[in-house]
Amino acid sequence: MSVHANARKVTTHTLQEMKRAGEKITMLTAYDFSLAKLVDRGGVDVILVGDSASNVMAGRDTTVPMSLEHMIYHAQCVERAVDRALIVVDMPFGTYQGNSAIALESAIRIMKESGGHAVKLEGGAEIVESIQRILTAGIPVMGHLGLTPQSIYKFGTYTVRAKEEEEASKLIADAKLLEEAGCFAVVLEKIPAHLAKQVSEALSIPTIGIGAGQNCDGQVLVLHDMLGITTDFSPRFLRRYLDLESKITGAVEQYCEDVRTGDFPNEEESY
Ligand code: KIV
């Protein structure tokens with residue numbers, strides 16, 4: 001039986017085994033109880049309580065305003081729904097950069113108050129001290145390199161990262177540093193496919209790609225994007241598996257019409 005099929009509960013260890021066995025890892029975001037339940041039932045290996053909640057749940061332009069309390073709230077909702085998947089919680093901007101003691105305190109709050117299983121931090125060498133300190137408490141850490149949305153004001157745009165040699169070399173060095181520090185996996189966001197392949201081959205820990213080609217050890221998408229709930233965001237890497245925007249607005253229009261015409265509720269729907 002495959003590692004994936006054998007895992008009644010996915011752990012960081014399961015993901016390492018999947019990489020060794022050449023099995024692809026599946027990851028999707030979730031932020032609330034109802035959808036997290038469906039995502040877990042669908043058999044995804046990792047649920048990321050991403051700070052992309054800032055965009056898709058709160059309607060903000062960036063992930064920068066997310067607070068620790070916001071992330072803990074979303075992670076608590078997800079944790080109540082999930083039986084199998086590994087739950088990874090994003091550490092929000094300002095809770096781990098530049099001060100490893102604050103990073104540890106923030107990670108401990110996430111673990112104690114949300115019931116999540118691991119945390120994710122964006123960045124390489126600049127934040128490795130924070131990662132090391134969090135790991136001393138036995139908290140598993142997922143890294144995140146390439147396009148790191150919390151640094152949007154430094155980058156200026158959401159375009160593909162590490163196309164040039166200098167940035168690509170730094171990314172490779174950062175990936176190795178994260179592995180040496182003890183991260184159990186690393187997200188590679190929006191980088192050239194050949195670079196993601198090189199990193200995936202160089203690391204013994206799994207890489208999870210988003211806009212990083214097919215040679216990563218796993219893939220992640222934002223749930224609301226792949227379900228077609230958000231339609232104003234259409235990057236090349238996004239495959240939409242449903243068109244929920246038109247399905248939901250269609251259902252709402254039908255409901256309004258039924259109420260207005262007196263068709264709903266009918267006798268069978270009444271007491
Ligand atoms: O917050 C998020 O959804 C993420 C993914 C895009 C990897 O970090």
Side-chain angles (χ1 to χ4, degrees), residues 15 24-32 35-36 39 44-68 70-75 77-78 85-97 106 110 114 116-124 127 131 140-152 155 157-162 171 174-175 178 183-191 196 199-200 205-213 216-227 229-230 233-240:
L15 305 185
K24 293 282 189 187
I25 296 164
T26 56
M27 175 158 125
L28 283 172
T29 64
Y31 320 98
D32 70 286
L35 286 179
V39 171
V44 83
D45 301 308
V46 185
I47 293 185
L48 173 66
V49 184
D51 61 357
S52 49
S54 185
N55 311 103
V56 297
M57 301 298 287
R60 296 195 191 97
D61 288 337
T62 76
T63 57
V64 171
M66 285 306 267
S67 70
L68 201 54
H70 292 140
M71 293 309 303
I72 289 170
Y73 170 75
H74 287 294
C77 299
V78 168
L86 180 81
I87 302 171
V88 179
V89 185
D90 259 340
M91 292 191 64
F93 178 68
T95 64
Y96 61 91
Q97 297 96 337
S106 311
I110 289 176
S114 79
H117 308 140
V119 294
K120 176 164 82 58
L121 283 71
E122 295 182 6
I127 58 145
I131 290 178
V141 175
M142 179 179 272
H144 185 155
L145 297 172
L147 176 64
T148 47
Q150 291 177 12
S151 305
I152 184 59
F155 297 147
T157 70
Y158 288 101
T159 53
V160 180
R161 303 303 314 172
L171 190 140
D174 279 343
L178 295 185
C183 287
F184 70 88
V186 55
V187 167
L188 299 176
E189 180 164 353
K190 231 174 169 187
I191 62 170
V199 173
S200 305
I205 58 171
T207 58
I208 315 277
I210 174 163
C216 294
D217 302 302
Q219 297 292 329
V220 56
L221 285 175
V222 168
L223 184 68
H224 291 59
D225 297 338
M226 63 84 83
L227 293 179
I229 296 174
T230 49
F233 179 68
S234 288
R236 170 169 163 172
F237 67 76
L238 174 61
R239 186 178 293 181
R240 291 194 204 284

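Heavy-atom basis, side chains included; hydrogens, waters and symmetry copies ignored. In listed order, ligands and their atoms are each counted from 1.
For atom 8 (O) of ligand 1, the closest non-hydrogen atom on the protein side is Lys120 NZ, 2.9 Å. At the top of the distance list for atom 7 (C) of ligand 1, counting protein heavy atoms only, stands Leu48 CD2, 3.8 Å. Residue, atom and distance of the protein heavy atom nearest to atom 3 (O) of ligand 1 are Ser52 OG, 2.5 Å.
For the atom pair CD1 of Ile47 and CE of Met27, the computed distance is 10.5 Å after rounding to the nearest 0.5 Å.
Less than 4.0 angstrom separates some heavy atom of Val222 from each of these atoms of ligand 1: 3 (O). Atoms of ligand 1 found under 4.0 Å from any heavy atom of Thr29, numbered from 1 in the order shown, are 3 (O). Counting the atoms of ligand 1 from 1 in the order shown, those under 4.0 Å from a heavy atom of Asp90 are 1 (O), 2 (C), 8 (O). Atom numbering of ligand 1 starts at 1 in the shown order; those under 4.0 Å from a heavy atom of His144 are 8 (O). Using a 4.0 Å cut-off to heavy atoms of Ile210, the atoms of ligand 1 that qualify are 6 (C).
With hydrogens and angles disregarded, a donor-acceptor distance shorter than 3.5 Å links the side chain of Thr29 to the backbone of Leu223. Between the side chain of Ser54 and the backbone N or O of Thr62, at least one donor-acceptor pair lies under 3.5 Å. Side chain of Arg240 to backbone of Leu227: no donor-acceptor contact under 3.5 angstrom is found. Of the possible donor and acceptor atoms, none in the side chain of Gln219 sits under 3.5 Å from a partner among the backbone N and O of Gly211.
Ring geometry, Tyr31 versus His224: the interplanar angle falls from 30° to 60°, so the pair is classed tilted.
Under the 3.5 Å distance criterion, with hydrogens and angles disregarded, no donor-acceptor pair is assigned to the side chains of Thr148 and Arg161.
Put simply, no part of Glu122 is less than 4.0 Å from ligand 1, judged by heavy atoms.
By the criterion of a heavy-atom distance under 4.0 Å, both the backbone and the side chain of Asp51 are placed next to ligand 1.
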